[in-house]
Amino acid sequence: MLMINFIERIKSYSKRKDAADMAIRAWKSAHEEVYADFCKRMDAVAKGDVSVLMDMYLMMQKCTPPEALMMYDWLSNLANGKDIQNITNQQWAGQYTETIAQCITNKRLWIGVSIKMGTIELLTSPKSGLLMVHSETPIEIWNRLPQELRSYLIGQLDMFMKNSKGCYLLSKLERKMVYQFLTYISQIVFLSHAVFIGVFMANLYDRVMEKKEDLAYCMYYFVVFDHGLSRMAKLLNRLLNSEEVDHGDMLLVKLCVTLLVNGSIEMGTETKADWEDTIEGCTTEIWKEVMFALRKVKGRRGNRKVIQSLDDILLDDKERIKQGILLFLEENTEDISLAYLLKSLVKSGKIKASTRYMTFHRTIEQFSQRHYGHDIPQKRYGEIKELTLNSPQRGSSYTKAKRIIDRWTDYFANNG
């Protein structure tokens with residue numbers, strides 16, 4: 001089994017995400033033209049140019065483990081009525097086939113997926129720290145589908161179960177068995193995708209961090225920092241306005257919009273207020289779907305952590321300022337010095353006064369590739385933030401702070 005070793009190096013998920021967010025922001029600052037071209041290609045989708053979507057699909061396909069590709073072939077053969085005996089003998093999900101089969105046949109069993117290690121466990125009850133999935137009966141799955149989706153599927157399936165005169169070829173019970181068989185197949189697909197997540201994520205990480213593919217960086221920044229999911233909803237709205245859409249297309253659009261809303265709220269990339277602003281001027285169908293999804297989803301409470309790169313918060317000549325910051329860090333190695341560095345940059349007009357200390361702290365750690373304690377410098381910055389530092393106060397700490405801040409304020413004012 002492929003191990004996701006990079007996650008082992010940073011145990012905390014929040015720290016992993018912060019590190020990734022910072023790295024992506026730094027990449028974007030250095031590749032503005034690449035990202036601008038990506039955004040143009042995304043906008044072009046509304047005009048029928050889906051080349052960027054095809055590139056995304058091909059990259060995801062390359063990340064898909066061989067067992068998943070084998071499963072897709074198995075399902076394709078099944079759908080096309082190829083040699084059923086041959087299909088039956090296939091290990092359609094590779095090494096995970098037996099695990100999935102046990103989970104489907106024994107409803108009390110759970111599949112536990114370790115995203116950190118990429119391993120799969122078969123368990124009798126949920127276990128913390130793992131992605132847990134389990135099987136339901138075909139009837140349970142069918143009954144949990146939205147009524148509109150069930151009606152559409154029944155309508156589409158019924159067309160294949162009627163003769164030229166419109167008479168059913170199967171009894172009501174037999175038709176119901178067909179519906180349940182399809183939900184059974186969907187259960188296989190769902191459980192199979194769950195066990196493939198670990199390897200898929202490891203392969204995707206390799207493309208981002210090892211091969212440094214521009215497309216992967218663009219997709220990450222677009223979704224996480226550039227309101228990509230709500231922009232995709234607007235793109236769907238433009239498609240509805242410009243093309244003839246049948247019932248099946250409309251149902252697919254609605255499902256996509258619901259997934260976009262739920263995903264963005266869960267990741268914290270959009271708020272409910274953001275979505276309410278997004279649907280201003282959208283079609284009635286999009287508006288209703290977003291509002292219905294917002295009614296059901298729980299918003300994330302608390303202050304949103306601000307993740308930015310140093311280039312995002314610096315003003316004026318950023319490269320010269322960064323050279324000065326490196327000189328400062330070489331000369332001042334104590335954690336508390338970061339409070340004086342931020343004060344100097346604010347006084348010299350190189351960073352906005354509204355910048356939060358912890359936002360600055362994280363950018364310096366990413367830029368310098370060094371860990372600094374934050375408690376002491378954060379408290380110190382709170383103490384000196386509003387001080388003029390030219391009052392007749394005494395004490396070696398005050399004197400040292402004033403000397404450092406005055407010197408580096410002059411430096412940044414004259415070298416940035």
Side-chain angles (χ1 to χ4, degrees), residues 17 21 24-25 28-29 32-57 145-149 151-152 215 217-309 312-313 352 354-356 359:
K17 186 177 185 308
D21 287 353
I24 295 296
R25 278 195 172 276
K28 192 260 183 181
S29 296
E32 294 285 357
E33 292 185 3
V34 174
Y35 183 71
D37 180 66
F38 171 83
C39 290
K40 288 179 182 177
R41 296 182 70 196
M42 286 299 298
D43 292 337
V45 173
K47 301 175 183 177
D49 181 359
V50 296
S51 60
V52 68
L53 301 182
M54 288 302 300
D55 288 346
M56 292 181 193
Y57 168 77
L145 291 176
Q147 181 60 52
E148 186 178 12
L149 179 56
S151 298
Y152 175 74
L215 181 60
Y217 280 85
C218 287
M219 290 167 63
Y220 191 115
Y221 189 89
F222 183 74
V223 170
V224 176
F225 300 115
D226 207 8
H227 302 282
L229 299 186
S230 59
R231 289 170 66 177
M232 289 171 73
K234 288 184 176 179
L235 177 61
L236 290 172
N237 182 70
R238 291 203 296 273
L239 289 172
L240 289 182
N241 284 328
S242 61
E243 295 187 10
E244 291 292 330
V245 178
D246 61 22
H247 184 218
D249 294 334
M250 180 59 70
L251 186 60
L252 182 59
V253 168
K254 288 181 177 181
L255 289 173
C256 287
V257 169
T258 300
L259 290 172
L260 292 173
V261 173
N262 292 341
S264 66
I265 298 294
E266 178 65 26
M267 289 190 295
T269 60
E270 307 282 353
T271 64
K272 290 188 175 184
D274 290 333
W275 275 106
E276 289 168 356
D277 292 339
T278 295
I279 57 176
E280 288 288 334
C282 284
T283 62
T284 303
E285 291 80 5
I286 297 290
W287 186 91
K288 286 181 179 179
E289 205 62 31
V290 170
M291 294 306 294
F292 183 70
L294 291 178
R295 261 180 20 194
K296 297 175 66 176
V297 73
K298 291 183 179 179
R300 294 171 60 129
R301 298 182 180 274
N303 294 326
R304 187 187 301 183
K305 184 185 292 185
V306 179
I307 301 294
Q308 295 178 297
S309 69
D312 291 327
I313 63 175
K352 292 181 180 179
S354 59
T355 302
R356 295 179 180 178
T359 300

Inset, instruction - Could you please spell out the steps behind the side chain to side chain contact (heavy atoms under 4.5 Å, CB included) verdict for C39 and D226? - result: CA-CA 10 Å; C39 290; D226 207 8; 4.1 Å; yes
Inset, instruction - Could you walk me through whether V45 and L53 pass side chain to side chain contact (heavy atoms under 4.5 Å, CB included), step by step? - result: CA-CA 8 Å; V45 173; L53 301 182; 3.9 Å; yes
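In this view, T258 and E289 satisfy the side chain to side chain donor-acceptor pair (under 3.5 Å) rule, not counting sequence neighbours. Listed by chain and residue number, L235, R238 satisfy the side-chain contact (heavy atoms from CB on, under 4.5 Å) test with A46 (two or more places apart in sequence, or in another chain). With sequence neighbours left out, the ring-ring contact (aromatic ring centres under 6.0 Å, His included) criterion links Y221 to Y35, F225. Residues meeting the side-chain contact (heavy atoms from CB on, under 4.5 Å) test with L239, sequence neighbours left out: L236, E243. Take K40 and apply the side-chain contact (heavy atoms from CB on, under 4.5 Å) test, not counting sequence neighbours, and it matches no residue. For L252, the side-chain contact (heavy atoms from CB on, under 4.5 Å) test picks out C256, with sequence neighbours left out.
Within the model, atoms CG of D43 and CZ of R231 stand 6.0 Å from one another, a figure rounded to the nearest 0.5 Å. In this structure, CG on L229 lies 6.5 Å from CH2 on W275, to the nearest 0.5 angstrom. Considering CG of N262 and CG of L259, their distance stands at 7.0 Å, rounded to 0.5 Å. A distance of 12.5 Å separates NZ in K352 from OG1 in T359, rounded to the nearest 0.5 Å. Interatomic distance, CG of L251 versus CD of E285, reported as 12.5 Å (0.5 Å rounding). Here the NZ-CZ distance, from K296 to F292, works out to 4.5 Å after rounding to the nearest 0.5 Å.
Residues D249 and L240 fail the side-chain proximity criterion, which asks for heavy atoms closer than 4.5 Å.
The two residues A233 and L260 make their nearest non-hydrogen contact at N-CD1, 3.8 Å. Nearest approach of K272 to L294, heavy atoms of both residues: NZ-O, 3.2 Å. When every heavy atom of A293 is checked against every heavy atom of V261, the shortest pair comes out as CB-CG1, 3.8 Å. Among all heavy-atom pairs drawn from G228 and E270, the shortest one is N-OE2, 4.4 Å. Nearest heavy atom pair, residue D274 against residue H227, reads OD2-CE1, 4.2 Å.
Applying the 6.0 Å contact sphere to CD of E32 captures more than 12 heavy atoms from other residues, nucleotides or ligands. Open room surrounds CE on M232; 12 or fewer heavy atoms of other groups in view lie less than 6.0 Å from it.
Looking at D55 and R41, a side-chain N of the basic residue comes within less than 4.0 Å of a carboxylate O on the acidic one, giving a salt bridge.
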